[in-house]
Amino acid sequence: MKHEDLRDLLPRIDSYVEDLFASPDPALEDALRRSREAGLPEIHISPNEGRLLQLLAEIAGARRILEIGTLGGYSTIYLARALPEGGSVLSLELDERHAEVARENIREAGLEESVEVRVGDARDLLAWMVEDGEEPFDLVFIDADKGSYPEYLGWALRLSRPGSLILADNAIRGGSVIDPEDASVRATSRFNEALAKEPRLSALILPLIRERVDGLAIARVVGS
Ligand code: SAH
Ligand code: DHB
Ligand code: MG
């Protein structure tokens, strides 16, 4: 074991944890199958990251959850499962086709009562929500176009309150964020730096492993 290459070992550790804690789940498996059959890109979070999102939402006691980037609603299902009675998830999605697949997946998972998928460019939808005086969210999960992450952080701060969690997928970008070479990865780097230096946030990036290394940024709003 001592001489085993980390590149082999890390995915095996991920599978080990997944086998223990992410037991077979028909609703999630059906959601992935329907998404694949509809031709959606396979860029959803991993089962372990889903469990992590669900746990964080449960620990935070989140009643109002905002997701930016729905795709087929795979991550949405984990978030919605963390809700207490009467809680809600609002998930923003640019692509009407993705939103339709997500709505079906969410309905089949028995979660339609607590989830709204809203179609539009999240940058517009968020601006309108702030304008309309939307109530603060207890948890915001950012997982849409990577170039807009710095902007999404600004909106997330405006739509949260002290104690809220702000989470973001793909904070490590396969390791490329260490030495960014394109505009999209540079935006991730700016997002991470903003997160680190924002005085209203207490934050960290948790590296996550699957076929590739990535990471979940975890921040708690500590002041306004
Ligand atoms: N959270 C999902 C994966 C999201 S993939 C999961 O883990 O299951 C990213 C999604 O963001 C895609 O569906 C894409 O259409 C959407 N997206 C891209 N740009 C967007 C924008 N400007 N506003 C809203 N959604 C956007
Ligand atoms: C991509 C987007 C994601 O949210 C992700 O987790 C992985 C890949 C992408 O756009 O390629
Ligand atoms: Mg992602």
Side-chain angles (χ1 to χ4, degrees), residues 14 22 25 27-36 38-54 56-57 65-82 89-106 108-109 111 115-129 139-156 159 166-177 182-188 191-192 205-218:
D14 191 58
D25 190 312
L28 288 164
E29 283 156 24
D30 288 352
L32 288 187
R33 182 186 41 75
R34 268 187 229 100
S35 300
R36 200 179 313 116
L40 269 51
E42 297 190 40
I43 53 175
H44 51 84
I45 56 167
S46 70
N48 285 343
E49 190 176 356
R51 296 287 301 150
L52 177 58
L53 288 180
Q54 184 179 345
L56 288 168
I65 296 178
L66 172 65
E67 175 175 67
I68 308 174
T70 318
L71 191 66
Y74 185 74
S75 52
T76 321
I77 291 173
Y78 282 100
L79 290 168
R81 284 179 173 176
V89 177
L90 171 60
S91 189
L92 312 180
E93 173 55 52
L94 178 65
D95 190 316
E96 174 67 53
R97 220 169 42 86
H98 294 185
E100 262 166 38
V101 175
R103 288 189 190 112
E104 186 182 351
N105 287 335
I106 288 157
E108 292 296 323
L111 295 163
V115 179
E116 180 193 346
V117 180
R118 192 174 293 176
V119 174
D121 187 323
R123 292 166 299 179
D124 300 329
L125 299 175
L126 291 161
W128 294 332
M129 285 161 66
L139 187 155
V140 181
F141 174 52
I142 303 169
D143 192 18
D145 50 318
K146 307 309 158 196
S148 302
Y149 269 39
E151 192 178 329
Y152 292 144
L153 179 59
W155 293 121
L159 288 163
I166 299 176
L167 311 175
D169 190 32
N170 310 112
I172 298 295
R173 305 293 301 275
S176 59
V177 78
D182 66 55
S184 161
V185 180
R186 273 195 297 278
T188 302
F191 171 86
N192 292 345
I205 295 166
L206 186 65
L208 294 170
I209 305 128
R210 211 162 32 145
E211 307 86 45
R212 273 157 48 93
V213 180
D214 215 309
L216 179 70
I218 304 176

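Here the structure is a predicted model, which means the values were calculated and not measured. Numbers for residues simply follow the sequence, beginning at 1. Counting convention: from 1, in listed order, for ligands and their atoms alike.
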Proximity winner for atom 18 (C) of ligand 1, if only heavy atoms of D145, L92, N105 are counted: D145

Under 4.0 Å from ligand 1, counting heavy atoms only, is it the side chain of Y78, its backbone, both or neither? neither

Part of D169 with heavy atoms under 4.0 Å of ligand 2, whether side chain, backbone, both or neither: side chain

Winner among I45, N170, L71, D145 once heavy atoms are compared against atom 5 (C) of ligand 2: N170

Please state which protein non-hydrogen atom is closest to atom 3 (C) of ligand 1 and give its distance, to 0.1 Å? D143 OD2, 3.3 Å

Counting only nitrogen or oxygen atoms and a 3.5 angstrom limit, does H44 reach ligand 2? no

Polar contact flag for R123 and ligand 1 (N/O pairs, less than 3.5 Å): no

What atom name does the N, O or S atom of D169 nearest to the Mg ion (ligand 3) carry? OD2

Heavy-atom contacts with I45 under 4.0 Å: which atoms of ligand 1 show up? List them by number with element. 6 (C), 7 (O)

Short N/O distance, under 3.5 Å, between L94 and ligand 1? yes

What part of H44 sits under 4.0 Å from ligand 1 if we count only heavy atoms: the side chain, the backbone, both or neither? both

H44: what forms a ring pair (Phe, Tyr, Trp, His ring centres under 6.0 Å) with it, not counting sequence neighbours? Y74

As an exercise, identify every atom of ligand 2 less than 4.0 angstrom from a heavy atom of D143. 4 (O)

Where is the nearest protein heavy atom to atom 11 (O) of ligand 2: which residue, which atom, and how far? I43 CG2, 4.1 Å

Please identify which atoms of ligand 1 are closer than 4.0 Å to at least one heavy atom of S75. 1 (N), 2 (C), 6 (C), 7 (O), 8 (O)

Taking non-hydrogen atoms only, is T70 closer than 4.0 angstrom to ligand 1 via side chain, backbone, both or neither? backbone

